[in-house]
Amino acid sequence: MRRVLMVSPHFPPDSSAATHRVRLLLPHLRGLGWEPTVLTLTPESYEGALEPALLALVPAEARVERVAAWSPARTRTFGFGDLGLRGWRALRQRAQALLQDERFDALFWTVYPTWPAASGPALARAAGAAFVLDLQDPWVGAWGSSVGPTADGRADLRSRVSRALSLPVERRTVVASDGITAVSYGTIDALAARVPEVHGLPHAEVPLVALEADLAWARSAPPLPASLAFDTPHVHVVWVGTLLPAGRSVMRAILDGLALAVQRNPRVAERVRVHFVGTSNESRADAPALAMPIAQAAGVDGLVTEHASRVEYRAALQLLARADAVLLGGSTEAHYTPSRLYPALLSGAPLLAVYREGTHPVRVLQRVAADARTALITFGTAGPDAALTDALAQAWVALAERPLSATPRASISAARVTPLAIEAATALVDVLDRACAHAARRGAA
């Protein structure tokens, strides 16, 4: 049995999307010959909302080591509150101590946040272990280049400076790694374009596949609050998750398609209601609406509701399980791999999915959801166009005509999705094994 130290700054009870990466891999690793130890931060280290119920999803036998990050109240007086910067020193010191005191064959470090992972190669090298860098999102992507925090989604000076500082750190970390994993091949391809040395390293796509146990856990939860419930006799279509800057053109096409469907068939307006939840990725109650302005511009705001604040993972799964259909929308970026894809599949609800052709979500949907319950509509590298809007209008009309009694409630995961979780863990273990061999060769040289 080999041993891996898995550094994951986000981990339950933290409620961010990154908290699930290592958690979802843990149940499979021992059966594949690797004993994991998780190094993460204390609950008090997080500024965002906590979801204590998530701890029930962490395997009881999992060993979890926690260290405290600097308080944001302390660091903001010096101009920063980033979790990675606040937790970097504590994570590095504890990882160093664990690697010195115990035998680990590999050090696996997942990002986001990115900066602490820069310590990984040196720590692993000193301990005679392999270092594997895991990318849940690109270390350096469109942020600070074509995408940023401004109201219209463009880069500002601070995001451009952050990107410029990240480029050399990313390169040094990648070149010193023994293996690379990422949630999609698109992320690896984009990384290789910046750092060609990736081609010489063990690497693999390891998607973030939700587990069927998550849905069972969600179904046992108390009822949703009234603000999130829907019980009118409509076809309730639910979107759960962030609306990213690079996805706004896709959302415009989706809602323009809905408007065109209403023009073609007034029954669409009578039957369909679309609910957007968690679009802002902010937990505060006054989080800004992102979908509603687009709906207003399209003239379909009367058919749309938006709860922009981020909801807990359990509530998100409950919403998907109760939906008459689930709306999935992609980004114009090739690497985009939404974490909500697999929970949507697990829900068993019909899907209306709009993604860039050739991306990970398209491949998965073509493989496991190629049936009448799924409308998969793709667009090319040039982005959404009139043909996409027309295809979406047809899909909206089809949803409006769907009898409510025909909506399936049984999960399709047992036969189709669960094997993907095992495949993801197997791909990770393969990289860990090959990374150990790579580290041995590097040490011999």
Could you check V38 against L26 for side-chain contact (heavy atoms from CB on, under 4.5 Å), going step by step and ending with a plain yes or no?
CA-CA 9 Å; V38 179; L26 286 178; 3.9 Å; yes
May I have the step-by-step check of side-chain contact (heavy atoms from CB on, under 4.5 Å) for V326 and W239, ending in yes or no?
CA-CA 6 Å; V326 173; W239 164 294; over 6 Å; no
Please assess R314 against E312 for the test salt bridge (Lys or Arg N to Asp or Glu O under 4.0 Å), listing each intermediate value before the final yes or no.
CA-CA 5 Å; R314 201 170 194 176; E312 293 185 340; over 6 Å; no
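Taking a cutoff of 4.0 Å between a charged side-chain nitrogen and a carboxylate oxygen, E44 and R66 do not qualify as a salt bridge. We find that E47 and R76 are joined by a salt bridge, their nearest charged nitrogen and carboxylate oxygen being less than 4.0 Å apart.
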Side-chain donor/acceptor pairs under 3.5 Å, residues 119-129, sequence neighbours excluded:
from, atom 1, to, atom 2, distance (Å)
S119, OG, W88, NE1, 2.6
R125, NH2, A176, O, 3.1

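For T359, the side-chain contact (heavy atoms from CB on, under 4.5 Å) partners at least two apart in sequence or on another chain are Y355, R356, P361, V362.
For the residue pair H335 and S184, no side-chain donor N or O sits within less than 3.5 Å of a side-chain acceptor on the partner. Counting only N and O atoms by type, the side chains of E306 and T279 include a donor and acceptor under 3.5 Å apart. Between E170 and T114, the side chains place no donor N or O within less than 3.5 Å of an acceptor N or O (distance only, hydrogens not considered).
The side-chain heavy atoms of Y342 and V364, taken from C-beta on, include a pair separated by under 4.5 Å.
Residue pairs meeting the ring pair (Phe, Tyr, Trp, His ring centres under 6.0 Å) criterion with at least one member in residues 30-59, sequence neighbours excluded, are H10-Y46.
Both tests do not hold together for R23 against F11: distance to the six-membered ring centre under 6.0 Å, angle to the ring axis within 45°.
Ring to ring, F230 and H275 are close: their centroids are under 6.0 angstrom apart.
The aromatic rings of H20 and Y313 sit tilted, their planes meeting at an angle between 30° and 60°.
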